[in-house]
Visitor: 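Here's a structure for you.
In what follows, chains are A, B, ... by sequence order, proteins preceding strands, each numbered from 1. Because the structure is predicted, anything quoted here is derived from the model rather than measured.
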Protein chains: 2
Amino acid sequence: MGFKEELARQANMVDEALNEYLPKAGSYPPLIHEAMRYSVFAGGKRLRPALVLAGARAVGGDEKSVLQAACAIELLHTYSLVHDDLPAMDNDDFRRGNPTNHKVYGEAMAVLAGDALLTLAFGLLAGVSQTGSFGADRVVRVIAEVAEAAGTAGLIGGQVVDMQSTGKSIDKQTLEYIHVHKTGALYRASVRTGAILAGAAPEQLYHLTVYAENLGLAFQIVDDILDIAGDEQKLGKPIGSDTKNQKATYPALHGLAAARSIARQAAEQANGALASFGAEADFLRGLVCFVINREY
Amino acid sequence: MGFKEELARQANMVDEALNEYLPKAGSYPPLIHEAMRYSVFAGGKRLRPALVLAGARAVGGDEKSVLQAACAIELLHTYSLVHDDLPAMDNDDFRRGNPTNHKVYGEAMAVLAGDALLTLAFGLLAGVSQTGSFGADRVVRVIAEVAEAAGTAGLIGGQVVDMQSTGKSIDKQTLEYIHVHKTGALYRASVRTGAILAGAAPEQLYHLTVYAENLGLAFQIVDDILDIAGDEQKLGKPIGSDTKNQKATYPALHGLAAARSIARQAAEQANGALASFGAEADFLRGLVCFVINREY
């Protein structure tokens, strides 16, 4: 199976599981469940859950046993998008070609839907010990790591600095802080979640962590580049929004050519970190290619 | 030690621990940590953490071992207040006599501070297995219960229905749904968190659950009554806001005298549920008295 077919297979599996784990759209109170489902099923690439599954497989684990954890990470990612899009934050009307959550359900419901997705993410993680075959100690360790990656030392910290930097000229260190925290932290936690649950040895975990950090950086730089040089049709959103919103980006700070080169370097680092792995890490290698060459 | 001194002792202990667990105000990025601390230290009564501690003591456990979990519940409660106060939600300018989070730090930061408090709550819960002497299986069970209590089957569900009912005439069942979910669910989860971590037997857990559900109901009805008949100075907020905002309340739906009587009945049920406990549950009994007779 080629990489794209494999990614699609996993995305389908994740989507089916998400449909199972999310409260039914009609269950009381209905509107919040509809709002949650709206953003979860708005066409995400499911890269983070794929990283959870691949993290488990890379250390000899079974992907089915970490599927629930993979869904939890995707819910957490979706929550962050819903809240980032809010009028008080990035004030975005469209995402992946569709109106954002608050444009459809109103601001209050979007805040609550985000809260509910974040809460459900931790609930699903706690439930992993029932569906997986691993001990509660691994589950607790994963919850602690995910909470750290999602908190002010990770995702939220990155969003705070991003917001505070908008419209200001910032240095390269601040830009790196934003990217490492806004994107990198959850990529890192995704692969570690799968690997820890599947019983990774410390050395395996170390290499997978280096891999994920570099993959996250490459992903984010390509994101910045696509906002300048991408195809609106394929992206599902207008390009140039970073420039319009005076967002700090790699191309803005380093120039387009240098940004491309930094992304390629990060991709090489990511692949290099997989040197001690065999065919069981081939999907992770394919993911590097995909992230670097993506057009959406 | 009298009840009020005992409650104050516990609140002090909780405050010191919260100060320890929250990121320092100056740590990067500073504003979010300041915003989190602002609302956590805005004069809460610390009733939910007291319930966690008392839940442990009632089944022969040690309060120190559940202190971190008690703090987690208080952070979760604080997050819900910060988000409920937002302009898109209840649009409240004051809480406990102080400007609300978004009035001080702006809307974006208030959303993120709430998100960060919720996230940190789960991080602290996951860390309990290191500080307490109990196994990870109990910790995982508690996280699952807290996530359910905080989600759309609990706290968030209650807030959704509350918002949707504002300005409309609702029936008694809907009002009960709001109170059971908005207040009851977290009271219930608080006492159960302490009891489960401390190794409660199923029967003990059952009685403590009935206790907490009734205590939560009594608390909420008294809250409604204070909004009509309370003292603004003692409450730290203007009275009559429920009426002004056309909020459904027990006094509005049942009349003031009947509301008082329902609160008293709930208090009796709460005390009745403690019949099989000895002096180790005296604080829980005192809490019923406090909740029924409070003026703030």
Visitor: Count the heavy atoms of every other residue, nucleotide or ligand shown that sit under 6.0 Å from NZ of A:K24, and state whether that count exceeds 12.
Guide: yes
Visitor: More than 12 non-hydrogen atoms from neighbouring residues, nucleotides or ligands closer than 6.0 Å to CD on B:E148, yes or no?
Guide: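 Atom CD in B:E148 is not packed in, count stays at 12 or less.
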Visitor: Can you check whether anything in residues 189-201 of chain B gets within less than 4.5 Å of chain A, heavy-atom wise, and list it by number?
Guide: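 No residue falls under the 4.5 Å cut-off.
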Visitor: Please report the shortest heavy-atom distance between B:A126 and A:I143, naming the atom on each side.
Guide: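 Residues B:A126 and A:I143, closest heavy atoms: CB-CG2, 3.7 Å.
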Visitor: What part of A:L120 gets closer than 4.5 Å to chain B, counting heavy atoms only: side chain, backbone, both or neither?
Guide: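 Neither part.
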Visitor: Strictly less than 4.5 Å between heavy atoms, which residues of residues 110-117 of chain A line up against chain B? Please order them by number.
Guide: A:V111, A:L112, A:D115, A:A116
Visitor: Among A:L125, A:L76, A:L118, A:V139, which has the most heavy-atom pairs under 4.5 Å with chain B?
Guide: A:L118
Visitor: Using non-hydrogen atoms and a 4.5 Å limit, figure out which bit of A:P23 sits close to chain B: side chain, backbone, both or neither.
Guide: side chain
Visitor: Do any of residues 32-39 of chain A come closer than 4.5 Å to chain B, heavy atom to heavy atom, and if so which ones, in number order?
Guide: A:I32, A:H33, A:M36
Visitor: Can you see which heavy atom on A:A108 is nearest to which on B:A88, and at what distance?
Guide: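 Nearest heavy atoms, A:A108 then B:A88: CB-O, 3.2 Å.
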Visitor: So A:Y177 and B:Y28, would you call those rings parallel, tilted or perpendicular, with 30° and 60° as cut-offs?
Guide: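 Perpendicular: the ring planes of A:Y177 and B:Y28 meet at over 60°.
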Visitor: For the CD atom on A:E213, are there more than 12 heavy atoms of other groups (residues, nucleotides or ligands in this structure) within a distance under 6.0 Å?
Guide: yes
Visitor: Mind checking which of residues 158-171 of chain A sit less than 4.5 Å from chain B, heavy atom to heavy atom?
Guide: A:Q159, A:V160, A:V161, A:M163, A:Q164
Visitor: Flag the one option from B:I156, B:L86, B:D84, B:V142 with the top tally of heavy-atom pairs under 4.5 Å to chain A.
Guide: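 Top option by heavy-atom pairs under 4.5 Å: B:I156.
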Visitor: For the interface with chain A, which of B:G135, B:A136, B:A150, B:A147 has the highest count of heavy-atom pairs at distances below 4.5 Å?
Guide: B:A136
